[in-house]
Amino acid sequence: MAALQPVRGTHDLLPDTARAHRAVEARAQEVALRFGFDEIVTPIFEFTEVFKRTLGDTSDIVTKEMYTFEDRGGESVTLRPEGTAAIVRAFISNGLAQQVPVKAFYRGPMFRYERPQKGRLRQFHQVGVEILGVEGPAADIEVIACGYRILEALGLGGTVTVELNTLGDLESRAAYRETLVAYLEGRRGELSEDSLARLHRNPLRILDSKDEGDRAVVAEAPVLADSLNETSRTFFARVQEGLAALDIPVAISPRLVRGLDYYTHTAFEFTTTALGAQGTVLAGGRYDGLVKQMGGPPTPGVGWAAGVERLALLLADPPPAPRPLAVVPAGAEAERLALPLTDRLRRAGFAVDLGFSGNMGKRMKRANRINARAAVILGEDEIAAGAATVRDLDSGEQTQVPLDGLEAGLDRFR
RNA sequence: GCGGGUAUAGCUCAGUUGGUUAGAGCGCUUGGUUGUGGUCCAAGAGGUCGUCGGUUCAAAUCCGACUACUCGCCCCA
């Protein structure tokens with residue numbers, strides 16, 4: 001094992017896993033397209049500033065998790081740790097504010113220098129959607145609904161809980177932050193070390209703490225809902241109404257907060273208990289201040305990202321490998337004819353394997369190993385008859401089919 | 001970044017209180033079957049016991065460091 005390993009926290013995806021990942025991405029994109037999202041592909045690295053400015057200087061991602069390096073021109077660049085910042089940057093760079101609302105779907109690798117765990121890697125993959133330029137709760141509803149329908153399409157509707165909360169608008173959030181910090185200051189003696197560090201950096205996170213002492217303090221803490229102004233209240237109510245109208249079951253989690261500074265109003269997480277500590281499978285929220293903060297025209301936004309690895313781990317029945325046909329020649333003459341015959345079948349749309357060498361027995365073995373549906377056997381008898389023997393490898397039944405009508409004869413193995 | 005666990009064949013795992021040439025199942029190769037796969041039978045290949053160092057007459061086994069994986073914390077998809 002010591003010899004040649006991939007970099008810590010990165011993995012090779014062998015065919016079975018690769019297929020599962022592709023299925024997750026393809027399914028997600030298919031559903032997102034149905035919702036009117038269109039794919040945007042951004043580079044996998046950006047100027048470091050892009051992430052620093054969006055994620056906030058105090059976030060964990062910026063302070064300790066970024067893959068940052070200087071390129072040969074002396075520019076500081078960073079492998080993207082998440083997708084939203086890049087989409088927003090592209091939105092500004094390309095003047096997309098002119099075409100609002102923009103509905104973007106994205107996918108691809110993300111990089112975070114973290115200690116790996118199950119479902120947590122240094123290079124991982126996300127799919128995500130963002131809606132830019134819509135102020136009202138209709139966008140929040142659409143984005144959450146899209147996420148939920150994707151999980152349903154993956155067969156995960158029942159295994160995932162949709163947790164929902166609101167952080168309120170900027171005014172409400174700031175007001176709450178103040179009351180919360182004041183309360184926590186009063187009981188700072190009871191807080192865990194982690195939470196003391198969070199007290200000013202990111203006090204909302206303390207609500208989410210797993211420490212017992214913290215939980216006791218949090219249990220009596222002022223509730224965010226009480227700090228919400230009228231606007232925030234109605235906004236949240238309308239999000240809930242919309243999801244109810246779509247029969248999307250949600251659990252209101254007053255303690256659900258998001259780590260990144262740019263979130264306002266709606267916050268949500270789709271979680272599962274099947275993945276240990278990494279139970280969040282899809283998460284996002286509204287980020288009305290972000291575009292402006294990055295130097296663009298004030299533009300509201302809402303979106304989410306989902307972890308492809310985590311979803312792939314949950315897939316109940318991973319997609320099966322494709323089942324090809326196998327062309328099996330017997331004899332030198334057949335060997336010559338097999339190549340153009342294989343090509344002809346491939347051009348007719350069949351997946352066809354032609355073994356590279358070996359006698360008939362070996363080739364039949366290979367046909368079996370690659371789980372071929374049928375073998376198209378070509379030998380002296382067949383050549384003489386202008387036909388091929390088609391053997392159904394599941395039933396063992398075989399019949400001679402004239403080469404003229406071969407495609408039609410193979411139709412049921414397509 | 002912090003704490004715990006694990007590391008033996010391609011895979012899943014045995015390996016006694018330290019004691020000769022380190023095992024099994026699955027998989028792989030070959031043969032039984034030079035025009036028929038799967039099942040069955042037989043044979044075979046495959047291991048610096050994660051790496052480096054230490055203790056010992058003797059280390060897969062005991063000790064240390066490192067690396068990777070894993071579980072939890074932090075954080076997050």
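Below, read A as the first sequence line, B as the second, and so on, with proteins coming before strands; counting in each chain starts at 1. Remember, it's a predicted structure, so these values are computed and weren't measured experimentally.
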* Across the strands shown, which category fits A:Gln398 at heavy-atom distances under 4.0 angstrom: base, sugar-phosphate, nothing? -> base
* **A:Gln117 CD - B:G1 P separation (whole Å)** => 14 Å
* So what does A:Glu380 hit on the nucleic acid, given a heavy-atom distance under 4.0 Å: a base, only sugar-phosphate, or nothing? -> base
* For A:Gly128, report the nucleic acid contact type (base, sugar-phosphate, nothing); a contact means any heavy atom under 4.0 Å. => nothing
* Asked: Considering Watson-Crick and G-U wobble pairs with both distances under 3.5 Å, what does B:G72 pair with?
  -> B:C2
* Structure fact -> Note: A:Val134 and A:Pro101 closest approach over all heavy atoms is CG2-CB, 3.5 Å
* **Interatomic distance where CG belongs to A:Asn359 and P belongs to B:U29 [whole Å]** => 13 Å
* Asked: Can you tell me how far P of B:G5 sits from NZ of A:Lys118, to the nearest Å?
  -> 20 Å
* 5'-most contact on RNA chain B: A:Arg115 or A:Gly307, nearest heavy atom basis? -> A:Arg115
* Asked: Under 4.0 angstrom, heavy atoms only, what part of the nucleic acid is A:Asp394 near: base, sugar-phosphate, or nothing?
  -> base
* Among side-chain atoms of A:Glu130 and A:Tyr287, is any donor-acceptor pair under 3.5 angstrom? -> yes
* Asked: Taking atom C1' in both B:U8 and B:C49, what distance in whole Å separates the two?
  -> 4 Å
* OP1 or OP2 of B:C69 sitting under 4.0 Å from any side-chain N/O of A:Arg8? -> yes
* To do: Remember a base hit wins even if backbone is also touched, and classify A:Gly396 as base, sugar-phosphate or nothing at under 4.0 Å, heavy atoms.
  => base
* Taking atom types as modelled and ignoring hydrogens, do the side chains of A:Ser253 and A:Asn165 form a donor-acceptor contact shorter than 3.5 angstrom? -> no
* Scan A:Ala367 against the nucleic acid and name what it touches under 4.0 Å (heavy atoms): base, sugar-phosphate only, or nothing. => nothing
* Whole-angstrom distance between B:U17 and B:U61, as gauged at atom P -> 15 Å
* Nearest whole angstrom, please: distance from the P of B:G27 to the CZ of A:Arg366. => 18 Å
* Mind listing the closest non-hydrogen atom pair of A:Gln126 and A:Glu82 along with its distance? => OE1-CA, 4.3 Å
* Heavy atoms under 4.0 Å, any strand shown: does A:Leu121 hit a base, just sugar-phosphate, or nothing? -> base
* Asked: With both distances under 3.5 Å as the test, what is the Watson-Crick or G-U wobble partner of B:G37?
  -> none
* Nucleotide forming a Watson-Crick or wobble pair with B:A14, both distances under 3.5 Å -> none
* Structure fact -> Taken to the nearest whole Å, CE/A:Met360 to P/B:U34 is 12 Å
* Touch check for A:Leu282, heavy atoms < 4.0 angstrom, all strands: base, sugar-phosphate only, or nothing? -> sugar-phosphate
* Quote, to the nearest angstrom, the P distance that separates B:A7 from B:U16. => 13 Å
* **Donor-acceptor pair between A:Gln293 and A:Arg53 side chains, under 3.5 angstrom** => no
* Separation of B:G1 C1' from A:Arg120 CZ (nearest whole Å) -> 11 Å
* **Polar pair under 3.5 Å, donor/acceptor by atom type, side chain A:Asn368, base B:G37** => yes
* **Whichever of A:Glu397 and A:Tyr113 has its nearest RNA chain B nucleotide further upstream toward 5'** => A:Tyr113
* Choose from B:U36, B:C69, B:A77 the nucleotide whose nearest atom is closest to any side-chain atom of A:Ala305. => B:A77
* Structure fact -> Answer for the Watson-Crick or wobble partner of B:A7, both distances under 3.5 Å, is B:U67
* P spacing across the pair B:U33 / B:G15, given as an integer number of angstrom -> 41 Å
* Asked: Cation over ring, A:Arg122 on A:Tyr113, under 6.0 Å and within 45°?
  -> yes
* G-U wobble or Watson-Crick pairing nucleotide for B:C49 (cut-off 3.5 Å, both distances) -> none
* Atom-to-atom span, NZ of A:Lys365 to P of B:U36 - whole angstrom -> 12 Å
* Gap in Å between the two C1' atoms, one belonging to B:U55 and one to B:A42, rounded -> 47 Å
* Given the rule in the side chain to side chain donor-acceptor pair (under 3.5 Å) test, do A:Gln123 and A:Thr10 qualify, once you have shown the distances and angles that lead to the verdict? -> CA-CA 5 Å; A:Gln123 176 178 342; A:Thr10 68; over 6 Å; no
* Rounding to the closest angstrom, what is the interatomic distance between B:A65 and B:U70 at atom P? -> 22 Å
* C1' atoms of B:A22 and B:C63, separation to the nearest Å -> 23 Å
* Asked: Which is true for A:Ile377 with a 4.0 Å heavy-atom rule: it touches a base, it touches only sugar-phosphate, or it touches nothing?
  -> base
* Inter-nucleotide P distance (B:A24, B:A14), Å rounded -> 16 Å
* Under 4.0 angstrom, heavy atoms only, what part of the nucleic acid is A:Gly284 near: base, sugar-phosphate, or nothing? -> nothing
* Separation of A:Glu382 atom CD from B:U36 atom P, in whole Å? -> 12 Å
* Ignoring backbone atoms, test whether A:Lys362 places a side-chain nitrogen or oxygen under 4.0 Å from the OP1 or OP2 oxygen of B:U33. => no
* Structure fact -> Nearest heavy-atom contact between A:Phe51 and A:Ala85 is CD2-CB, 3.7 Å
